[in-house]
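Here the structure comes first, spelled out in C-alpha cells, and everything after it is commentary.
Both backbone and side-chain heavy atoms feed into the values below; hydrogens, waters and symmetry mates do not. In this text the structure is predicted, and so the values were computed from the model without any measurement.
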Amino acid sequence: METRNIFENISCLDHRYSLSEKAVFDGLSKYISEQASVRSCAKCEAALVKAHLEVRGQLTDSMAKTLDDVAEKVDPEEVYKEEEKTQHNIRALVNVMKKMVPAEVAPLVHLGATSVDILDTALSMRVRDAVQNVVLPELKSLEKNLCTIASRESSTPQVGRTHGQHAIPITFGWSVAEFVSRLGKSILRIEELSKQLKGKLAGPVGSYNGPSMIVKDPEDLERKYLAFVGLEPSEYSNQLVEPEYLLRLLLELNVAFGIIANLADDLRNLQRSEIGEVFEYFSSTQVGSSTMPQKRNPWNSEHVKSLWKAMCPRVITFYMDQISEHQRDLTNSASQRFISDYITGFTMGVARMNKVVSGLQADHENMARNLAQAGGKVKGGVLAEPAYILLGEAGVSDGHEVIRKITLEAEQTGKTFFEVLKTHTDAFQKITDQLKKLGVKDAETFFENPARYHGLADVKSKRLAEKYMDLMNK
C-alpha cells in the first residue's frame, strides 16, 4: 500500500495532533481508523458465517479461527480497488472475503444480511471498543488526577469568585472538587452508555424477511451473530439500528468535553498575571512567546478550549443523523464518518487536560495574598456575610444594613473590616457570642483571618475526592 508523508495529510488530527498526542492517536487508530473500519465490517461478516454454521451445528473451533484470521487479514486497499468496480463498499468487501474464506463457507458470506446489518453493527463495535479501551482510561486518569488535587488542596485557603468578583473564602480543593463531581458523573454515564450500543441482523427494512428464508427463528440467528461481536440486538430496527443508542453516548461525550473546557477556562484565568494562583508545568526548553522571552503562557489550557470549540458544534450533525426517511436513506453516509474525528478530537483534548492537571501546582502564597486583599476597597470585606448572618441569629432584624454601613466606614477610613467592626461594640459582642455558641475557638479574632471562614469546603472536598477516586478504580 502506498504510504503518504504525514505532513501531506489534510486533517490536523493526522499530522499535528498525531505527533503531539501520539499515544492517543495510536490507541484510537486500532479502532476507528479506516483500516479498523474495513476490518470491523470483515469481523461482522465472519461473525455472520459463524452464526450460520452454529445454527446448523457445523461450527468448529478450527473454522472459527480461520474466519477470524481472514477478517484480520483483509486488506483495505484491495477492498477499495474492488469498490471502484462495484461502487458499493460492502459488496466490495463481500467479494474480497469470498475469495479468502474456505470454499465450502463462501456462500454464507453476507447471506441474509443487508449492508447496514454489517455497517451499523461494526460502527457500534468500533465506538464501544474505542471508548472503553482508550477514551475511558484517559478520562479516568484525568479524574483521578483531579481527585488528588482536591484532596491535597482541600484546606488551602482561596478566595471564592462570582461574576469575576471576589466572593467569600473557599479552599482550592473545593474549587477543584466541582470538576471532580461533574466530570465523575459524566464518566460513569459514558461507561454505562458504551455498554448499551446495539447491532442488528434484520434485513433491508428490519422485518427479518431475508433471514426468515434461511432459518425458522431469525431472531435467534441475529442473537448468535451479535454474540460473536459482543453486542445485543436493537429492540427495533428498520434498515438501521435505532440511532439514539449512539446519539446518547456521543452527547454525553460532549457533556464531558464541556466540563473539561470549563475547567480549562478556570485554570487559564487563575494563571493570569494579576491572579497567579496556579501554574502549569513549563519545561526548561519551552518558549512562551516568539518575541517576549519572559512569557509563560497557559497554552495547554487554551489548546483544550480551542479543541472544544472545534468539536462541540459537531453535535448538530449527530442530531441530524438521527433522522432517516422511511426505513432508510443515505443522508448519514458521509456525516457519520466524521464520528471518528470527533472521538479523536475529544480524546486528544482529554489527554492535553491530563497533562495540565498532572503537572498543576498551586501558588499558596499568591492564594493567601489574594484572599487577604479580597473584598474590593475593604480589606477583609469578604467576611461581611458571616457578620450579617451572625447578627441575624442574634435577633438583629436589620443586620444586613448594620454590616453594610460598617463596610462603607471601612472603605472611607481605609481601615480593615475587622478593625471597624470591633469599634461597633454592641454588634461585635453579639457576633462574638454567637460564634462562641457554635464552639468557634478564639471567637474574638475570628474576623481577623478570612481563611477561617470556609464552611465545609475542606470536608466535602476530601469526601468527593475519596468517592470518585474509589469509583474510578473499580
Side-chain angles (χ1 to χ4, degrees), residues 139-163 165-189 259-260 262-263 266-267 269-270 275 277-278 357-358 360-375 380-394 417-418 431-474:
L139 278 167
K140 289 182 178 182
S141 176
L142 172 58
E143 175 73 359
K144 287 192 280 188
N145 281 328
L146 289 170
C147 288
T148 297
I149 297 174
S151 180
R152 183 183 71 215
E153 308 289 347
S154 61
S155 299
T156 302
Q158 183 189 32
V159 63
R161 294 174 172 90
T162 63
H163 308 279
Q165 307 295 309
H166 289 156
I168 57 176
I170 55 171
T171 68
F172 181 48
W174 178 243
S175 67
V176 175
E178 171 194 345
F179 298 99
V180 167
S181 177
R182 291 171 63 191
L183 184 60
K185 286 190 281 289
S186 189
I187 290 171
L188 296 174
R189 183 63 175 147
I259 295 167
I260 292 166
N262 195 167
L263 171 63
D266 275 15
L267 295 180
N269 281 304
L270 288 176
I275 298 176
E277 293 187 352
V278 301
V357 170
S358 62
L360 191 73
Q361 295 296 321
D363 190 323
H364 293 176
E365 290 183 6
N366 273 0
M367 285 187 181
R369 185 182 66 248
N370 290 342
L371 177 56
Q373 296 174 349
V382 291
L383 294 180
E385 181 197 53
Y388 135 68
I389 291 173
L390 290 165
L391 274 184
E393 277 293 292
F417 176 74
F418 178 54
I431 288 170
T432 302
D433 289 344
Q434 288 300 316
L435 285 172
K436 289 178 179 178
K437 287 180 182 179
L438 292 170
V440 175
K441 294 180 180 180
D442 302 319
E444 291 83 358
T445 59
F446 178 83
F447 286 87
E448 192 172 20
N449 181 11
R452 296 184 65 187
Y453 182 56
H454 54 70
L456 296 177
D458 55 344
V459 175
K460 287 202 70 173
S461 298
K462 286 184 178 178
R463 185 195 306 164
L464 289 167
E466 289 172 4
K467 172 186 175 179
Y468 284 98
M469 183 69 85
D470 287 345
L471 287 170
M472 293 303 111
N473 284 328
K474 286 183 179 179

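Between the side chain of N370 and the backbone N or O of V159 there is no donor-acceptor pair closer than 3.5 Å. Judged by distance alone, the side chain of K474 and the main-chain N or O of D470 form no donor-acceptor pair under 3.5 Å. A donor-acceptor contact shorter than 3.5 Å is absent between the side chain of T432 and the backbone of A443. With hydrogens and angles ignored, the 3.5 Å screen pairs no side-chain donor or acceptor of S186 with any backbone N or O of R182. The main-chain N or O of C147 is never found under 3.5 Å from a side-chain atom of S151 such that the two would form a donor-acceptor pair.
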Begin from the C-alpha positions of F172 and L270 and carry the test side-chain contact (heavy atoms from CB on, under 4.5 Å) through to its verdict. CA-CA 11 Å; F172 181 48; L270 288 176; 4.3 Å; yes

The test is side-chain contact (heavy atoms from CB on, under 4.5 Å); show your working for V278 and M367 and say whether it passes. CA-CA 9 Å; V278 301; M367 285 187 181; 4.1 Å; yes

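Residue D433 holds its CG atom at 11.5 Å from CG of L438, rounded to the nearest 0.5 Å. Separating the CG atom in N262 from the CG atom in L183 is a distance of 11.0 Å, to the nearest 0.5 Å. In this structure, CG on L146 lies 11.5 Å from OG on S181, to the nearest 0.5 angstrom. Taking NZ from K462 and CH2 from W174, the interatomic distance works out to 14.5 Å, rounded to the nearest 0.5 Å. Note that CZ of R161 is 13.5 Å distant from CD1 of I168, once rounded to the nearest 0.5 Å. Put simply, CG on N145 and CG on L360 are 10.0 Å apart, with the number rounded to the nearest 0.5 Å.
Side chains of L188 and M472 form a contact here, defined as non-hydrogen atoms less than 4.5 Å apart. Under the 4.5 Å side-chain criterion, counting only non-hydrogen atoms from C-beta, R452 is in contact with V440. Annotation: side chain of L263 is in contact with side chain of V357 (closest heavy-atom distance under 4.5 Å). With contacts defined as side-chain heavy-atom distances shorter than 4.5 Å, the pair L139/I260 qualifies. Considering only heavy atoms from C-beta on, F179 stays 4.5 Å or farther from E143 through its side chain. A heavy-atom distance below 4.5 Å is found between the side chains of F446 and Y453. Proximity of I431 to F447: side-chain heavy atoms (C-beta onward) are separated by under 4.5 Å at one or more points. With a 4.5 Å cut-off on side-chain heavy atoms, R369 and E277 do not count as touching.
Here the shortest heavy-atom pairing between S461 and G173 reads OG-C, 3.3 Å. Across P157 and L371, no two heavy atoms sit closer than the pair CB-CD2, 3.7 Å. When all heavy atoms of P169 and L383 are compared, the closest pair comes out as CG-CD2, 4.5 Å. T171 approaches S154 most closely through the heavy-atom pair OG1-O, 2.8 Å. The shortest heavy-atom contact between A394 and Q434 is CA-NE2, 3.7 Å. The minimum heavy-atom distance between E448 and P450, with the atom names listed, is O-CD, 3.8 Å.
Looking at E153 and H364, their side chains do bring a donor and an acceptor atom within 3.5 Å of each other. For the residue pair T148 / K144, no side-chain donor-acceptor distance below 3.5 Å is found, with atom types taken as modelled.
For D266, there are no side chain to side chain donor-acceptor pair (under 3.5 Å) partners two or more places apart in sequence or in a different chain.
Electrostatic pairing of K460 and E178 does not count as a salt bridge here, judged by no charged N lying under 4.0 Å from a carboxylate O.
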